[in-house]
Structures are given as C-alpha cells and as structure tokens.
Amino acid sequence: MTVRVRFAPSPTGYLHVGGGRTGLYNYLFARHNNGTFVLRSDDTDEARSTEEFRLDIIESLRWLGLDWDEGIEVGGPMQTYRQSERLARYQEVAAELVAAGKAYHSFASPEQLDQFRKEAQAAGRSPAYDGSLEPSPADATARLAAEEPATVRFAVPRPGETSFEDVVRGTVAFDHAQVEDFVILRSNGTPTYHLASSVDDVDFEISHVIRGEDLLSSTPKHILLTEAMGAERATYAHLSLLMGPDGKKLSKRHGHTAIKAYRDDGYLATAMVNYLALLGWSPGEDETVVSLGDMVARFDLSTVSKNPAIFDTDKLQWMNGVYIREMSPAEFVDAVRPLVEADLDRRLDDGEMEKLAEIAPLVQERAKLLTEVPPQVRFLFGDIEYDEASWNKVMTKEGAAEAVAGAADRLATVDGWSIDVVEASLRAMLAELELSARKGLQPLRVAISGSSVSPPLFESIAALGRPRTVERLEAARERMG
RNA sequence: GGCCCCGUCGUCUAGCGGCCUAGGACGCCGCCCUCUCAAGGCGGUAACGCCGGUUCAAAUCCGGUCGGGGCUACCA
C-alpha cells in the first residue's frame with residue numbers, strides 16, 4: 001500500500017503546539033511506512049489567512065525537523081498546494097455534483113435556516129437541515145436564471161448512515177438524519193472547507209487522513225463527498241485534542257500556544273518533538289527520551305491514545321534540560337552564542353569566545369532553557385550589576401568583608417593563574433580565616449558575578465582572569481565600607 | 001438541547017481476563033553529594049470516576065450512570 005498523508009493547516013494563526021503534534025504524527029506515520037508527507041495550505045478563508053502565518057507554519061515545521069516531500073515551498077506533481085489557487089477545480093467538482101443530482105442550489109436564507117433549526121429542536125427532531133425549504137426544481141432553475149444568489153449544498157442521502165473504521169477510535173457511525181445538507185460552495189462561489197479538503201484529498205491521492213478530533217463529526221461529510229466524486233475514501237485517524245492545565249482546550253490564556261514562542265523561550269526542537277510525540281503515543285519499554293529516528297522506527301498509529309492530553313510545561317522543561325545536556329560542548333556553544341550576543345548587544349571577539357567555551361559546559365549541565373544562559377555568563381563579558389537581594393543576603397554576613405579582602409589580596413599576588421591555583425589559594429584563605437566554604441565563598445561569588453547564583457566559583461574566577469577578578473573584589477570591598 | 005468522542009497516580013502514560021499487593025516518566029517530599037544554583041544518586045507520596053452485570057477470576061468484557069471534551073456556520 002502506498003502511504004500518502006498530508007498536514008493541512010490553515011494560515012490563520014501561528015503554528016499551534018497541537019498543530020505541531022498533528023504534523024509530527026503525520027510525519028512519523030509517513031516515514032515509518034516509507035510514504036509521502038504532503039504539506040498543504042488550507043487557505044480558503046481569505047479574510048483570516050495571512051502570508052505571515054503561512055511563513056510561520058513553514059518555519060516552525062522546518063525548525064521541528066519535519067521535512068515534507070511535496071507541498072508548499074517544495075512543490076511536487078501538483079501545480080499548487082495552496083487551496084486559494086485551486087478555486088476553479090472546486091467549482092468544477094461542485095458543478096459536476098449538481099449535474100449528477102448529488103448536490104443542489106440552495107435558496108434558503110439564513111433566517112429561514114435559523115427558524116428551521118429552532119423548530120426542529122423544539123419538536124425534538126434533528127436540527128440538521130434536510131433541504132425541505134427549497135423551491136421546486138422548476139422554480140429553482142428560474143431563480144438561478146434570474147441570478148438570485150444561492151449556495152450549493154450536498155444532498156445527503158436520507159435515510160442512511162455513514163460509518164468508518166477510525167484508526168485510533170475504532171468504528172464510528174453517524175446517522176444521516178444528523179448530517180445536514182451542508183454547503184459546499186458559498187453564494188460568492190468560493191468553496192467551503194469540506195469541499196476543498198475532500199477534493200484535494202482525492203486529487204492528491206491521500207491514503208490516510210490524520211487530523212484533530214475536532215474534525216471527527218465532519219468526517220461523514222468528507223466520506224460522502226469523496227464517494228460522490230467516484231473516489232475511494234481514505235483511512236481516517238482522529239487525534240485527541242490538547243488541553244490546558246485546567247482541562248479546557250489549550251488556548252492563549254494557558255500561556256504560549258505557538259511553537260515559535262517555545263523556540264523563543266529557549267526550548268530545543270529535539271525536546272519539543274520528543275515531548276509532543278509522548279502526548280498520546282508511547283514508545284513502550286518504559287522509555288521517555290526517544291530520538292526522532294527511533295520514533296520513526298517504532299511509530300504505530302493504532303496504538304495512539306484516545307485520551308485528550310494536557311500540555312504540561314513542567315515535563316517539557318525537564319525534557320529540554322535532558323536534551324541540552326545531551327548536546328556536545330561545541331553544539332551548546334553554537335546554540336548559545338547568538339543569545340549571549342543578543343543579550344550583550346554586540347559580537348563576542350575571539351578571546352571572549354574562548355572564555356565562553358571554558359565556562360559553557362558548567363552552564364550547560366545546569367540549564368533547562370537556552371535563555372537561562374546569558375544571565376549566567378554575562379559577568380564574563382561586561383560590567384556587572386549587583387543583584388540587591390543577593391548583596392543584602394550575603395555581604396552583610398559575618399566574615400563576608402574579611403573573605404572579600406582576603407581573596408583580593410591573595411589573588412592579586414598568587415603565582416600563576418588556573419582553576420587549581422585559584423582554588424588552592426582561596427581554600428588556604430578559608431583555612432586562615434576559619435571560614436566554612438559556604439560562608440567564605442558566597443561573598444566572592446556576589447563580588448565577581450553580582451549574584452548569589454552563578455556557575456562554580458573557581459572556574460568562574462579562572463575564566464574571568466586576574467585583573468578583572470581583583471578589580472571586582474576591590475570594588476566590592478569598597479562598597480562594603 | 002441533539003449527535004459524536006473520551007474516562008488508570010496532580011500530569012503524560014504502560015496495561016488488551018489471571019504475571020497487578022497496577023509499572024515507567026514529570027511534578028512533589030525526604031536523604032546523599034555539594035562553594036551557590038542546578039545536575040546526579042537513593043528513597044518516598046500518589047490512580048483503575050461510580051453502580052450493576054458476565055466470569056472460577058475484571059483496570060481489562062457488557063450495560064447504566066456521572067464527569068470531561070468536540071461538533072452543531074455560506075470557520076476550519
């Protein structure tokens with residue numbers, strides 16, 4: 001069987017984490033089955049679609065590492081993968097369906113429809129519109145000839161039922177009494193989602209439609225449309241939705257929903273992909289950290305969970321830390337350099353890059369987010385600002401002044417300069433002053449970094465260099481009076 | 001309201017009739033390590049929504065109930 005799947009977001013917003021997961025599952029399924037992954041732009045909603053969002057979707061998918069074989073940006077056998085450029089084809093199909101008596105021009109006004117639904121509901125009948133408001137065929141022809149605006153609706157066969165085997169949900173059935181004669185062409189001639197999507201899935205020969213559960217109840221419409229076109233239906237798989245911590249559909253008020261926002265916050269694509277995959281799928285074997293390649297090898301759509309999943313940033317953050325620690329030192333420096341330079345608002349010179357490389361491994365094992373790094377290394381590259389809370393907590397303690405003074409004097413004159421030399425010198429000082437490491441070293445940390453939290457002290461001092469270390473210790477000594 | 005989907009620790013999940021006194025991961029708590037913060041090591045906390053039924057045996061099958069979610073547009 002040739003597997004062809006598509007991810008078809010609407011460019012009406014930045015790529016959402018839920019969309020990212022849907023894209024990922026499509027990608028995993030395609031790659032696992034040596035199939036084709038198509039990226040389509042479902043941009044029939046002209047009013048809400050923008051170029052910015054279209055670009056963001058492409059960029060976010062690329063960032064996640066989900067490359068596609070056919071579609072927007074990369075092309076393929078179809079002339080275009082943007083629905084907005086295939087309008088004529090949808091109109092053609094709609095005309096064919098009308099000619100075949102499988103669809104009809106509808107003159108029902110919004111008000112009439114509204115009333116129909118209300119009455120049906122009040123009478124305990126299905127509110128699904130069944131075409132009963134339409135004029136006789138002769139009248140319809142006349143009104144059409146008079147250019148009266150009309151939509152095109154699909155004539156759902158009633159009585160009837162559409163059922164299908166959903167790969168993740170099992171058998172799902174819908175009574176046609178519940179499926180309305182849905183609009184496929186608006187009165188302005190543009191196609192609705194149902195038409196455009198179904199036509200494209202047929203024309204692009206999509207074998208598996210993997211999408212969000214929000215489209216589950218639209219599936220009978222798509223199957224009806226597909227079969228009315230004389231095509232074979234695809235296999236469907238509906239993924240549960242992503243929820244916020246309160247169990248409600250994930251939205252802006254829960255924090256970030258855009259993939260891009262996580263990238264900006266210092267998350268790694270590898271961690272994001274791993275985390276997203278676990279939201280509804282388990283590689284088994286009690287494993288949680290799995291590379292994209294491993295996922296491809298082990299992915300099985302039929303084992304995907306039916307439960308909605310809550311997007312938990314705590315676990316994402318933990319996982320990000322795992323992936324940060326997995327980077328090689330060079331990769332880490334490369335990843336962090338632009339952030340440090342942006343923080344400083346200038347380029348780092350060769351000497352500074354050496355210092356960064358020196359201290360980076362120490363920061364790497366501590367960071368959960370890339371964005372935590374600049375504040376941790378800032379002290380090496382520019383003037384420091386004292387964090388007042390740190391200063392007040394540490395510098396007013398017993399022995400703090402002595403430690404700073406002692407360190408300043410010793411480090412100014414010690415022979416040589418290395419981590420070991422710094423440590424030996426400072427430990428000797430602690431012994432002489434009879435201070436514990438905790439009490440004696442914290443003031444030095446604040447003096448050289450400005451904060452009570454920093455990378456390990458001896459390494460930090462060694463990287464800072466003698467002149468600046470002594471300078472900062474003297475400055476602190478002075479500030480302490 | 002109607003139709004549809006879902007229901008195992010706080011969260012993501014394993015589990016497919018006996019291997020379950022329910023496993024793993026995050027979080028949380030404690031201890032160890034320690035120059036801060038992390039990381040790491042060790043230990044702990046915590047769940048089969050409820051009620052019936054089937055069966056020698058049910059987290060696993062069936063029914064109901066309750067709860068959550070989706071759809072109900074000339075949005076997608």
Side-chain angles (χ1 to χ4, degrees), chain A residues 8-10 12 42-45 47-49 106 108 110 113-114 117 120-122 124-128 149-153 166 168-170 172-175 177-180 182-188 190-194 196-197 211-220 238 240-241 243 245 247-249 275 278-289 305-319 321-322 325 362-368 372 376 390 394 423 426-427 430 436-442 444-446 449 451-458 460:
Chain A
S10 289
T12 54
D42 278 13
D43 56 354
T44 48
D45 187 344
R48 296 196 299 148
S49 297
S106 169
L113 256 10
D114 199 46
R117 290 173 186 129
Q121 210 181 101
R125 293 192 312 265
S126 166
T151 59
V152 175
R153 287 181 184 273
D166 190 287
V168 344
R169 266 145 230 288
V172 184
F174 289 87
D175 186 332
Q178 302 297 336
V179 183
E180 67 172 351
F182 55 99
V183 173
I184 58 175
L185 223 50
R186 301 186 185 101
S187 52
N188 67 4
T190 60
T192 59
Y193 170 76
H194 303 304
S197 176
R211 56 174 23 171
E213 196 193 336
D214 50 340
L215 261 2
L216 184 61
S217 37
S218 297
T219 304
H238 289 90
S240 60
L241 268 16
M243 304 295 172
K248 303 289 182 200
K249 193 174 172 182
Y275 178 69
L278 259 30
L279 253 27
W281 176 71
S282 165
E285 311 290 314
D286 288 343
E287 285 180 68
T288 48
V289 179
S305 167
K306 305 186 230 297
N307 301 7
I310 290 175
F311 190 80
D312 174 23
T313 36
D314 277 344
K315 190 161 184 174
L316 207 209
Q317 214 172 88
W318 162 78
M319 189 164 276
V322 170
R325 276 172 258 128
L362 269 14
V363 182
Q364 180 176 1
E365 66 183 54
R366 292 168 162 63
K368 284 205 170 95
E372 288 169 13
Q376 290 280 302
S390 294
V394 174
E423 174 160 10
L426 259 19
R427 292 226 184 259
L430 292 177
S436 66
R438 190 186 190 90
K439 278 185 149 173
L441 263 25
Q442 272 302 84
L444 309 187
R445 185 187 309 284
V446 173
S449 77
S451 167
S452 59
V453 177
S454 84
L457 188 66
F458 308 128
S460 295

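Convention: sequence-line order gives letters A, B, ...; per-chain numbering from 1. Since the structure is predicted, the reported quantities are computational estimates derived from the model, not experimental observations.
Toward the 5' end of RNA chain B, the nearer of the two residues Trp281(A) and Val168(A), judged by each one's closest nucleotide, is Val168(A). When each of Gly170(A) and Gln376(A) is assigned the nucleotide of RNA chain B with its nearest heavy atom, Gly170(A) is the one assigned upstream, toward the 5' end.
We find that CG of Asp175(A) is positioned 12 Å from C1' of G2(B), with the value rounded to whole Å. Rounding to whole angstrom units, CD of residue Gln317(A) and P of A38(B) are separated by 12 Å. Between the CG atom of Leu215(A) and the C1' atom of U72(B) there is a distance of 14 Å, given to the nearest Å. Between Arg169(A) atom CZ and G70(B) atom P there is a gap of 13 Å when expressed in whole angstrom units. Taking atom NZ of Lys306(A) as the reference point, atom C1' of G15(B) lies 13 Å away to the nearest angstrom. Whole-Å rounding puts the Glu365(A) CD to C37(B) P distance at 14 Å. Distance Arg211(A) CZ to C5(B) P: 16 Å, rounded to the nearest Å.
Taking the side chain of Asp42(A) as heavy atoms from C-beta on, and the options A76(B), U13(B), C5(B), the nearest nucleotide is A76(B). Set against C4(B), A73(B), C71(B), the side chain of Glu180(A) has A73(B) as its closest nucleotide. Here the nucleotide nearest the side chain of Phe174(A), chosen from C4(B), A39(B), U13(B), is C4(B). Comparing C12(B), C5(B), A73(B) against the side chain of Arg117(A) picks out A73(B) as the nearest. Of all nucleotides listed (C74(B), G2(B), C12(B)), G2(B) comes nearest to the side chain of Gln178(A).
Met243(A) comes within contact range of the sugar-phosphate backbone alone, with a heavy-atom separation under 4.0 Å but no base atom that close. Heavy atoms of Gly440(A) sit nowhere under 4.0 angstrom from any nucleic acid atom. Counting non-hydrogen atoms under 4.0 angstrom, Ala122(A) reaches nothing in the nucleic acid. His194(A) comes within 4.0 angstrom of a nucleotide base, judged by non-hydrogen atoms across all strands. Ser126(A) comes within 4.0 angstrom of no nucleic acid atom, judged by non-hydrogen atoms across all strands. Nucleic acid contact for Ser10(A): sugar-phosphate only, since backbone atoms but no base atoms lie under 4.0 Å from a heavy atom of the residue.
Put simply, the side chain of Trp318(A) does not reach to within 4.5 Å of the side chain of Leu316(A), judged on heavy atoms. Tyr193(A) places none of its side-chain heavy atoms less than 4.5 Å from the side chain of Asp45(A).
Phosphate proximity of A76(B) to Thr44(A): present, with a side-chain N or O under 4.0 Å from OP1 or OP2. For the OP1/OP2 pair of G1(B) and a distance below 4.0 Å, the side-chain nitrogens and oxygens of Arg125(A) include no atom meeting the criterion. Taking only side-chain nitrogens and oxygens, Asn307(A) comes nearer than 4.0 Å to OP1 or OP2 of G7(B).
Paired with Val152(A) under the rule side chain to side chain contact (heavy atoms under 4.5 Å, CB included), one option of Val183(A), Thr192(A), Leu185(A) passes, and it is Leu185(A).
The backbone N or O of Ser451(A) lies less than 3.5 Å from no partner atom in the side chain of Ser390(A), so there is not a single donor-acceptor pair. Distance alone, capped at 3.5 Å, is enough to place a donor-acceptor pair between the Ser126(A) side chain and the Ala177(A) backbone. Panel note: side chain Gln376(A), backbone Glu372(A); no donor-acceptor pair is recorded below 3.5 Å. With hydrogens and angles disregarded, a donor-acceptor distance shorter than 3.5 Å links the side chain of Arg366(A) to the backbone of Leu362(A).
Residues satisfying the side-chain hydrogen bond (donor to acceptor under 3.5 Å, both in side chains) criterion with Arg211(A), sequence neighbours excluded, are Thr219(A), His222(A), His238(A). For the salt bridge (Lys or Arg N to Asp or Glu O under 4.0 Å) test, residues two or more places apart in sequence or in another chain that qualify with Asp114(A) are Lys118(A).
G53(B) and U45(B) have their P atoms separated by 34 Å, with the value rounded to a whole Å. For the P atom pair drawn from C31(B) and C71(B), the interatomic distance equals 48 Å after rounding to whole Å. Taking the P atom of each, C26(B) and G43(B) are spaced 14 Å apart, rounded to whole Å. For the C1' atoms, the distance linking A76(B) with G63(B) amounts to 37 Å, nearest Å. Nucleotides A22(B) and U54(B) are separated by 27 Å at their P atoms, to the nearest Å. Rounded to the nearest Å, the gap between the C1' atom of C50(B) and that of C33(B) is 47 Å.
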Tell me, for nucleotides 20-36 of chain B in 5' to 3' order, what letter each nucleotide earns: B for a base near a protein heavy atom under 4.0 Å, S for only sugar-phosphate near one, - for neither? ---BSBS--------BB
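A donor and an acceptor atom never sit less than 3.5 Å apart when one is taken from the side chain of Thr192(A) and the other from the base of C74(B).
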